[in-house]
Structures are given as structure tokens and as C-alpha cells.
Visitor: 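Below: one structure in C-alpha cells.
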Amino acid sequence: MEQQAMAHEEILEQITVPLMKWYHAHARVLPWREQPTPYRVWLSEIMLQQTRVAAVMPYFERFLETLPSISALADADEETLLKLWQGLGYYNRARNLQKTARIVMEKYNGMLPEDFDALLSLPGIGRYTAAAISSIAYGHCHPAVDGNVLRVTARLLCYGEDILKDRTKRTVEDALRRIYPRDGAGTMNQSLMELGATVCLPHGAPLCGECPLQSLCLAKKEHRIGDYPQKAKAKQRRIEYLTVLCLEQNGCFAIHKRPAKGLLAGLWELPHLEGWPEKQELRHTLQQLGLAPLAMKALPDAVHIFSHVEWHMRGWHVRLADASHVAEPSAALSPLLRELVWETSSGLAQNYSIPAAFQYFLP
């Protein structure tokens, strides 16, 4: 075991020069890399969690145009913040950004702290994000270990531990810390991230011929690339069946806010029912709700995947009679219509943060 650890350390000690040389020649031009201020690094890292780089870039630019500083973020109203975030998903990331911005304004004079532990204490900032900010924005030696870095390291060393375990991440952090250059930790972090994102790709499809570390990689030498990284099988997601209603009345469409806690907390949504009732059953349910459907048109089905649940959705565009024809809704079913807001399609697009799960059915 000790001999293996020494062999791994010897390999890691050889990666710095070729990797950083490769990075300087091949790194993608990304807006947050051009000006790596603490705010920009922090914002980009939060946006990039669970989200592709290509998807993040327009959001990043638009967000900074509206909220160019930590103070502007701290002072923003929630609707503006969530509208800027609409489509990125995992909306608690946006709320935690603002919580942290307010703490930074109050406690750190508007500047994100340099200290790793101080960063780690802020809402929404874990070990990886704290290390990225500390190293890239401030130059401190903290390895930022994300999925890309774990994949590169596992293949490089034929390291067979479960990469989803915190213990594995800490082990990789410690091993990398010993070989990081003191005056280039931020570049080293970005080099490893870039290699994993563009060359050492997941699902057994790396571009080994383009890798600056191919001569050192044990998985390549042993023809075992497909064996790494190793991770426990994810739990199967729960499936929920929903019927989503695009209710139209006098050219306006109905939305309401989700509850303050739980999935998509506090966001605007289209009304919906559990299950997939047939057309006549749905019409009867709408009438029980006090609505008077004039025409009902089925919309294409959609599936939306969250981390632990899948929504399998059927949609209906329902054109309603004028409000003067609507009866009192059944008390048992009225929660579906809690505090409805009626808005034009352009008003919905401009003024409300509606999650991607409901975008399939918007007019």
C-alpha cells in the first residue's frame, strides 16, 4: 500500500509542467477567465454547478449586466434575481448567492474573504467553490476537486475508490496539494478542470491522443480507461405523473406561486393536477373547480428530470369562458387555484421566473 502511494506521488509530481503548458496553449476563452475577480469567479462557479459551460455563458453575461457587483446582488429584489436565473435550475443556488452577498456586505465590507474557512462558512459555498475562489481569485494553494478533477486523477492513477465519497475527495485534495505550485495554484486548478471538461471526457470516451498526460496515465497503459472513475450506483429516481394546465381567459394565462418550501420553492408555475385524467374527466374536474372550459387542446407530453424525481407531464391548453360565467369552485379542489395571477404571454416572459419544467407548456 505504501509502495503504491509512493508510485502515485511520483506520477503526480510529473504532471504540473506538461499540464500547465497544455492549458496555456489550449484553454477555452471564457468570460470569467478574462477577468478573474472574486465576484466573477464565485458567480461562474455557482452557475456551473450541474450546468454546461455553453448554457452558462449567456446567463453569466446577462446577470453581470443587471447585477454588476456584490452590493447590487445584495440589494436586488427576489423576482429580479430569480428571473435572471430562470432556466438554470436549482434555484436555491441563486437564493444562496444573495444570502452570501448580504453577509459579505455586512461582515466583509463588500469583498469576498480570501480565507478558505471563511469562504466555507458562507451559504452555498462548499469545499470545491471555496477552493476555486481562494486559488483563482486570490492565488492561495487550495486544490478545487470537482467531478472533472476526480475523473482525471482516477484514470491517471488507476485509483479505484468511490469518487462520490467525501473521504475520496479529501484524499485527492491532499495528494494534489503536495504537488501544486505555490505561485500557480489557480492555473493548476483550471488546467485540471479544463482537461477533464475537454479531453478526459466521461462515459469511457476520452480523447487520449490529445492528452498532455497520456504517457503518465496508468489507465491508458493498462487499457482500463473504462474502469475509472468508480462510483456507487445512483438511486433510481421517483417518477411522478402530472397534468399541467395552460389556462387562458381573455388573452391572459394563469400562474401561481409554489409553496415557500420544497421543490422549486417560491417560484411561479402553471396550475397542475396529479395523475393523467382523460379529457372528459379533466373537463369535469375543471367544472368542479368553478371553471368553464370552452375548448380543450392536448399539448405534447414532456419529461423533466430533477436530481431525485422525474416529472412525466401531459399538458392541456384550456380556453375558459369570461370570469362572469365562472361558478364558485369546490372547496376540496380549490387549492389548485390558489391566488391565481393572470398575465399575457409577453408579460409572463418578461416579468416572472417560471421553471423550465413548465416552459414546455407556456404559450
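Since this is a predicted model, take the numbers as computed values, not measurements.
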Visitor: So do Asn351 and Trp268 actually touch side chain to side chain, heavy atoms under 4.5 Å?
Guide: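 Not touching, per the 4.5 Å side-chain cut-off.
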Visitor: Mind checking what makes salt bridge (charged side-chain N to carboxylate O under 4.0 Å, His left out) contact with Arg33, not counting sequence neighbours?
Guide: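 Expected list: Glu194.
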Visitor: Could you list the residues that satisfy ring pair (Phe, Tyr, Trp, His ring centres under 6.0 Å) with Phe63, not counting sequence neighbours?
Guide: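 With neighbours one apart ignored, the set is empty.
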Visitor: Quick one: closest heavy-atom pair of Glu210 and Val199, and the distance?
Guide: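 Looking at all heavy atoms of both residues, the shortest contact is C-CG1, 4.2 Å.
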Visitor: Sort and list the pairs that fulfil salt bridge (Lys or Arg N to Asp or Glu O under 4.0 Å) and have at least one residue in residues 55-78, not counting sequence neighbours.
Guide: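 Non-adjacent pairs meeting salt bridge (Lys or Arg N to Asp or Glu O under 4.0 Å): Glu78-Arg95.
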Visitor: Could you pull out all residues at least two apart from Trp342 that satisfy ring pair (Phe, Tyr, Trp, His ring centres under 6.0 Å)?
Guide: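 Not a single residue meets the ring pair (Phe, Tyr, Trp, His ring centres under 6.0 Å) criterion with Trp342.
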Visitor: In terms of the angle between their ring planes, are His272 and Phe358 parallel, tilted or perpendicular, with boundaries placed at 30° and 60°?
Guide: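 It falls in the tilted class, 30° to 60°.
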Visitor: Would you check if Leu64 and Tyr39 make a side-chain contact, meaning some heavy-atom pair closer than 4.5 Å?
Guide: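 Touching, per the 4.5 Å side-chain cut-off.
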Visitor: When the aromatic ring centroids of His304 and Phe306 are compared, is their separation below 6.0 Å?
Guide: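 Here the rings of Phe306 and His304 have centres that are less than 6.0 Å from each other.
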Visitor: Is there a side-chain contact between Ser353 and Trp85 (heavy atoms, below 4.5 Å)?
Guide: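 Answer no - side chains too far apart.
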Visitor: Suppose we screen for ring pair (Phe, Tyr, Trp, His ring centres under 6.0 Å). Which residues come up paired with Trp316, at least two apart in sequence or across chains?
Guide: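 Ring pair (Phe, Tyr, Trp, His ring centres under 6.0 Å) list for Trp316, sorted by chain: empty.
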Visitor: When Leu97 is tested against each of Asn92, Ile70, Leu43 for side-chain contact (heavy atoms from CB on, under 4.5 Å), which residue passes?
Guide: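 Going through Asn92, Ile70, Leu43 one by one, the side-chain contact (heavy atoms from CB on, under 4.5 Å) with Leu97 is satisfied by Leu43 alone.
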Visitor: I'd like to check the salt bridge (charged side-chain N to carboxylate O under 4.0 Å, His left out) partners of Arg127; sequence neighbours left out, ordered by chain and number.
Guide: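 Arg127: salt bridge (charged side-chain N to carboxylate O under 4.0 Å, His left out) contacts with Glu173.
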Visitor: Should the ring pair Trp276 and Tyr241 be called parallel, tilted or perpendicular, given that the plane angle runs from 0 to 90° and is split at 30 and 60?
Guide: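 Rings of Trp276 and Tyr241: perpendicular, as their planes differ by over 60°.
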